[in-house]
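Below, read A as the first sequence line, B as the second, and so on, with proteins coming before strands; counting in each chain starts at 1.
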Amino acid sequence: MGIPVKLQAFEGPLDLLLHLIEKNKVNIYDIPIVEITKQYLEYIQDIERQDLDIMSEFLVMAATLIDIKSRMLLPREINEDGEEEDPRQELIEQLLEYKMYKYMSFELKDRLVDAGKSMYKQSTIPAEVMNYTEPVDLEALLDGITLTRLHAIFKSIIRKQSDRIDPVRSKFGRIEKEEVSLTDKIGYIEAYANENGEFSFRQLLERQCGKMEIIVTFLAVLELMKIGKINISQEYTFDDILITAVKAA
Amino acid sequence: MEIQKLEAVIEAVLFAMGNSVEIEKIAAVIEHDIETTRKIIHNMMDKYNAQDRGIRIIELENSFQMCTKTEMYEYIIKIAKQPHKHVLTDVLLETLSIVAYKQPITKLEIEKIRGVKCDHAVNKLVEYNLICEVGRLDAPGRPILFATTEEFLRSFGVQSVEELPIIQQEKVEDFKAEAEEEIQLKLDV
Amino acid sequence: MEIQKLEAVIEAVLFAMGNSVEIEKIAAVIEHDIETTRKIIHNMMDKYNAQDRGIRIIELENSFQMCTKTEMYEYIIKIAKQPHKHVLTDVLLETLSIVAYKQPITKLEIEKIRGVKCDHAVNKLVEYNLICEVGRLDAPGRPILFATTEEFLRSFGVQSVEELPIIQQEKVEDFKAEAEEEIQLKLDV
């Protein structure tokens, strides 16, 4: 794949971050967010056309860094214990944990090499002897299991199954397409205006059924005004709106 | 190398190789001539005769091999033949109860109820002769239907599956309502 | 049976089986309780420490296995083929150490620590039989829980996961001190 980060023996964000921290020779307790973000984005630009998965993971990390950076600019949040919360803390803790496991993985590697020097021996027992199984003793197997117990188990399974049903989502209905189109409504109002010459906006709304129809009617009126097919006038605020058809010259 | 170290090396080599090893090879490893090597191994063979050893070295033409002492045979057979313990795990019990109450039932239906794969559990129950195949469902793929066996009835002391305590459909509905209520209560808090 | 005979039986059994053998099985063969059996084997392990022995017994959780001493490697390798070893990349080792120290653990938790997807690494480790599925977490989606295997213990030469090396507090302090110093240097500039 030739991704530069892969060549440097690391694979992803935390590794990359560690690498950048090392490069900057700073304590992770004092991550210079701005500098790292900048270097980070440079990295992303380098691998732009590479693996989408890695790309998106990088973006998550970049977004986290920018989030932290912007929160640093705001007044510190105070938690329940009355302590100032450092937005970097979470990332720092995550990094420290990662650093520890990385360190431990090197410790383990040494042991792997060492333990690898022990040689084992194949079993010399014939397979048919090893594979011997005693016939199943059902009485012993079912010892203590009564019908009542079996019944209780079944009941709890059914209960668990119904627990798995999401009470909120399971009640969602189907999403249905609203059958009100703006074009149709424009045509309708235009015809209505030509027929009536002058009419009340309120009366027009009263003829509509449903929230969606009212909204589309309102949008249609705005559209007709814009293209100069109708004029509107209103005497007082909150008063009814009078719509007049513009007679074609 | 000291003699003890040489013996250790030979023991390790014979153990790791498993099969017979030519004396030339052993001699090369310990960097001694063949005669000396043979003497060392013969000396080791005497040591292996001790009461507390279960293995020995045998000589075959110009090779040596490590193996167990013949009198150990009965114990080795005993350990190899130790029955693999059969246990009804929770998973097996759950699967069994589903088959018992919903039979005849396909694997897929069991998986739907349990929410996880059940191949292993179904196979085990078939092996224990507690459930068996009773036909195929007339559906795409013609999946196998499972039901409880006569052995199952005998083991639980019932005459027929109709005698099993029944969970009525209403009961299931009750559970659902209950669960929903509980969640509603949590949401209200 | 005399104690010497018991030791001989255990040696023969471990030799013949080759693989790890559970203590329960050994106890059943020598007809003693588990605690006594364990004591006998531990005593044997001390004896195997002798200069002239090339093999030893290792303990893995509740099993025992016979293998060569590590210092014999250089000699055995002269005539034996190198056993096939899987190459553990840094990524695999990291993932493995997270599983080892945090087991049982889900993929998601590993990903949270490493900051990247871990499907490939987890699959490889399962393929190498170093980790395995041990159940499912009782949480939405019932994610699979992973833990290390006996093969892991063997490969890393530890008796049980409790015996894994721990990161010393001083080491952690060292890390901190080191970093602080670096910052100090930076401030001085």
Identify which part of [X] has an atom lying under 4.5 Å from any heavy atom of chain C, answering side chain, backbone, both or neither.
X	value
B:Glu2	side chain
B:Glu22	neither
B:Lys78	both
B:Val91	neither

Practice problem: Would you list the pairs meeting ring pair (Phe, Tyr, Trp, His ring centres under 6.0 Å) in which at least one residue belongs to residues 18-42 of chain C, sequence neighbours left out? | Solution: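 Residue pairs passing ring pair (Phe, Tyr, Trp, His ring centres under 6.0 Å), neighbours aside: none found.
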What part of [X] gets closer than 4.5 Å to chain B, counting heavy atoms only: side chain, backbone, both or neither?
X	answer
C:Ile26	both
C:Met66	both
C:Lys47	side chain
C:Arg56	neither

Quiz item: Passes side chain to side chain contact (heavy atoms under 4.5 Å, CB included), B:Met45 versus B:Phe64? Steps please.
Solution: CA-CA 10 Å; B:Met45 285 162 87; B:Phe64 291 90; 4.1 Å; yes
Quiz item: Counting N and O atoms only, with roles assigned by atom type, does the side chain of B:Arg136 sit under 3.5 Å from a partner on the main chain of B:Arg142, one being a donor and the other an acceptor?
Solution: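 Pair found, side chain donor or acceptor close to backbone of B:Arg142.
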Quiz item: Any donor and acceptor pair, going by atom type alone, linking the side chain of B:Gln65 with main-chain N or O of B:Leu14 inside 3.5 Å?
Solution: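 Side chain of B:Gln65 to backbone of B:Leu14: no pair is present.
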Practice problem: Would you sort out whether B:Ile144 and B:Lys107 count as a side chain to side chain contact (heavy atoms under 4.5 Å, CB included), showing the intermediate values? | Solution: CA-CA 8 Å; B:Ile144 298 167; B:Lys107 268 190 203 172; over 6 Å; no
Quiz item: Quick one: CG on B:Leu6 to OH on C:Tyr75, what's the gap to the nearest 0.5 Å?
Solution: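 Taking CG in B:Leu6 and OH in C:Tyr75, the distance rounds to 8.5 Å.
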Practice problem: Could you tell me which of C:Ile55, C:Val13, C:Thr68, C:Ile76 has the largest number of non-hydrogen atom pairs under 4.5 Å with chain B? | Solution: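 Of C:Ile55, C:Val13, C:Thr68, C:Ile76, C:Ile55 has the most heavy-atom pairs under 4.5 Å with chain B.
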Quiz item: What option among C:Ile30, C:Val29, C:Ile10 has the most heavy-atom pairs under 4.5 Å with chain B?
Solution: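 Heavy-atom pair counts peak at C:Val29.
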I'd like to verify something: which residue of [options] has the highest number of heavy-atom pairs under 4.5 Å with chain C?
options	result
B:Met44, B:Glu7, B:Gln51, B:Lys69	B:Gln51
B:Lys5, B:Gln4, B:Arg53	B:Arg53
B:Lys25, B:Met17, B:Glu71, B:Glu74	B:Met17

Quiz prompt | Check: C:Tyr48/C:Glu11 side-chain N/O donor and acceptor closer than 3.5 Å | solution =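 Yes, side-chain donor-acceptor contact under 3.5 Å.
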Quiz item: Is there a side chain to side chain donor-acceptor pair (under 3.5 Å) between C:Glu151 and C:Thr149 once you walk through the steps?
Solution: CA-CA 5 Å; C:Glu151 181 60 32; C:Thr149 59; over 6 Å; no
Exercise. Evaluate salt bridge (charged side-chain N to carboxylate O under 4.0 Å, His left out) for C:Arg114 paired with C:Glu94, printing each intermediate quantity in order.
Key: CA-CA 8 Å; C:Arg114 295 202 49 239; C:Glu94 257 176 58; 3.1 Å; yes
